[in-house]
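A, B, ... follow the sequence lines: proteins, then strands. Residue 1 opens every chain.
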Number of protein chains: 2
Amino acid sequence: MEKVDKIFHNNELNPNVSVDCVIFGFDFEKLNVLLIDRGSNVGPRLALPGNLIYDSENLNQAGSRVLDELTGLKNIYLEQVGAFGDPDRINNKSDQEWLKSIRAEPTARVITVAYFSLVKMDDYLPQASSFAKTAEWVSVNEITELAFDHMDILNAAKDKLKEKIKTQPIGFNLLPEKFTLSQLHRLYESILEKPLDKRNFRRKIQKLDIVSSIKEKQRGVPHKPSQLFIFNQEKYQLLTETGFDNFGF
Amino acid sequence: MEKVDKIFHNNELNPNVSVDCVIFGFDFEKLNVLLIDRGSNVGPRLALPGNLIYDSENLNQAGSRVLDELTGLKNIYLEQVGAFGDPDRINNKSDQEWLKSIRAEPTARVITVAYFSLVKMDDYLPQASSFAKTAEWVSVNEITELAFDHMDILNAAKDKLKEKIKTQPIGFNLLPEKFTLSQLHRLYESILEKPLDKRNFRRKIQKLDIVSSIKEKQRGVPHKPSQLFIFNQEKYQLLTETGFDNFGF
DNA sequence: CTTACTTTGTGTCATTTTAACACTTTCAAA
DNA sequence: TTTGAAAGTGTTAAAATGACACAAAGTAAG
């Protein structure tokens, strides 16, 4: 009985539950993911950032915390992908050893709750970081192997993002405040992994009326400068309130 | 080290992780959910069926097991909804007591992984059951209060089902092998919670070509008997292989 | 200063999809 | 035989989609 209260309200790491984050960034060309380099002593070097949860925080808070601890970023778009928990997801000795090296707790059977988040790549430049863990942006298309079951998690996150962006304008979280329609176009193509006709794309976006052009153009580009736009939060609110439920991509 | 292996490969209940199942059934009129009646000693009497997981099973297996233990059903459509884990999801004394009464383990901070499953209601008739736990079908629209955070889970499951049925023909899991188009129509209306034009619905389904009429009609109904159909798995496979990705509801 | 290069930005048309809508048919029960 | 109740069926107007090509606006290089 005493034990119940202690376990229930303490502020310790829960040895059985972790969160892992698939942090997406967009470099105006392709989609990238922020990965941890675990060094050369383990199986696949690269892994998703993650950690055990504290018993005092909820899952979203744990996801935000992992993101914050790695990048220093707060108030980031974050969405749960799901729970992953094969008993053998930590399936080799060196991975178990690595986990023990970064965690206070021994390596029990862990289920992990995966999140994906969308950040502006400029907000986190790995080389400028002084954090102990080394993180790096890797193009999603070049990732073929990750630690543990992180490849499954990445794929699930990609699928979730694909579905989500078809119905909600979350892509703007990956772009700076001011952006061009071409950048938005390339973003959608990167996420959906298929080409979209330029004119049809622009027509659809403009019809939705959720971006507004501003009195400013691209500068210093060696070609016709592009009109800049901003995301129009208010108009999107209006849309959703009238029962709108997808963008039809 | 010894402890690691013991924790990792044992076959005990994991005190920190549970699964809960939203089991949907369709009575040709409306959508129902199978709920546990916890009796009158606790807050809300009704709860989703669920249990702690064993360290030796994966999450899907745990979901299937909970479903099987309650209904005796196997090989049921099951899909993860997500993880729920507010530290205060078990927020009153009587609920803690109740949990302790049905579980060997004390009530630690638990995160739960929610699943939804689709069953043919006829396959589980509560009154005919001899299980100790009493379960009952309750119309989703009449559920206003559930134990713990189960109302949140139910709502998330409903949303997930809505999204899923727009892109995959999972509704057939809720119907008998032979069904009428009107039954399928009412099923879609129940799940999507909006009326669908009868003629447009039938046209869409028939165009998709994933149901086949059989040489048999409804019998004994006091009106024009309906043509019976079966779900055509092969044609659906063909559809998905050619990049098809939604039904457009 | 002219040319070459690169990306932006724009409109039409044919086809498909959607939404709205009402009456006849077929059976059982009274 | 009449009544009631659900099944089954087609058209049309409006909207959305997909396919497609060329002129405009800037920088860079010579």
Inset, instruction - Report the end-to-end axis angle of the helix from C/dC1-D/dG30 to C/dA30-D/dT1; each axis comes from five terminal pairs, and the value is rounded to 10°. - result: 10°
Measure [atom1]/[X] against [atom2]/[N] and give the value in whole Å, please.
{"X": "B/L181", "N": "D/dG8", "atom1": "CG", "atom2": "P", "result": "7 Å"}
{"X": "A/I205", "N": "D/dT17", "atom1": "CD1", "atom2": "P", "result": "12 Å"}
{"X": "B/K217", "N": "C/dT26", "atom1": "NZ", "atom2": "P", "result": "8 Å"}
{"X": "A/N200", "N": "C/dT17", "atom1": "CG", "atom2": "P", "result": "16 Å"}
{"X": "B/D197", "N": "C/dA19", "atom1": "CG", "atom2": "P", "result": "9 Å"}
{"X": "A/F179", "N": "C/dT7", "atom1": "CZ", "atom2": "P", "result": "20 Å"}
{"X": "B/Q183", "N": "D/dA6", "atom1": "CD", "atom2": "P", "result": "13 Å"}

Going by atom types only, do [X] and [Y] share a side-chain donor-acceptor pair under 3.5 Å?
{"X": "A/S212", "Y": "A/N232", "answer": "yes"}
{"X": "A/D209", "Y": "A/Y236", "answer": "no"}
{"X": "A/D20", "Y": "A/T112", "answer": "yes"}

Kindly indicate whether the side chain of [X] and the base of [N] share any N or O donor-acceptor pair separated by less than 3.5 Å?
{"X": "B/R219", "N": "C/dA28", "result": "no"}
{"X": "B/K224", "N": "D/dG8", "result": "no"}
{"X": "A/R203", "N": "D/dG18", "result": "yes"}

Legend entry - Side-chain touch A/Q183/A/S226, heavy atoms, less than 4.5 angstrom: no
Legend entry - Side chain to side chain, A/N173 and A/S117, heavy atoms closer than 4.5 Å: no
Inset, instruction - Identify, between A/T180 and B/P225, the residue whose nearest nucleotide on DNA chain C lies closer to the 5' end. - result: A/T180
Across the strands shown, which category fits [X] at heavy-atom distances under 4.0 angstrom: base, sugar-phosphate, nothing?
{"X": "B/K198", "result": "base"}
{"X": "A/K207", "result": "sugar-phosphate"}
{"X": "A/S182", "result": "sugar-phosphate"}
{"X": "A/Q218", "result": "nothing"}

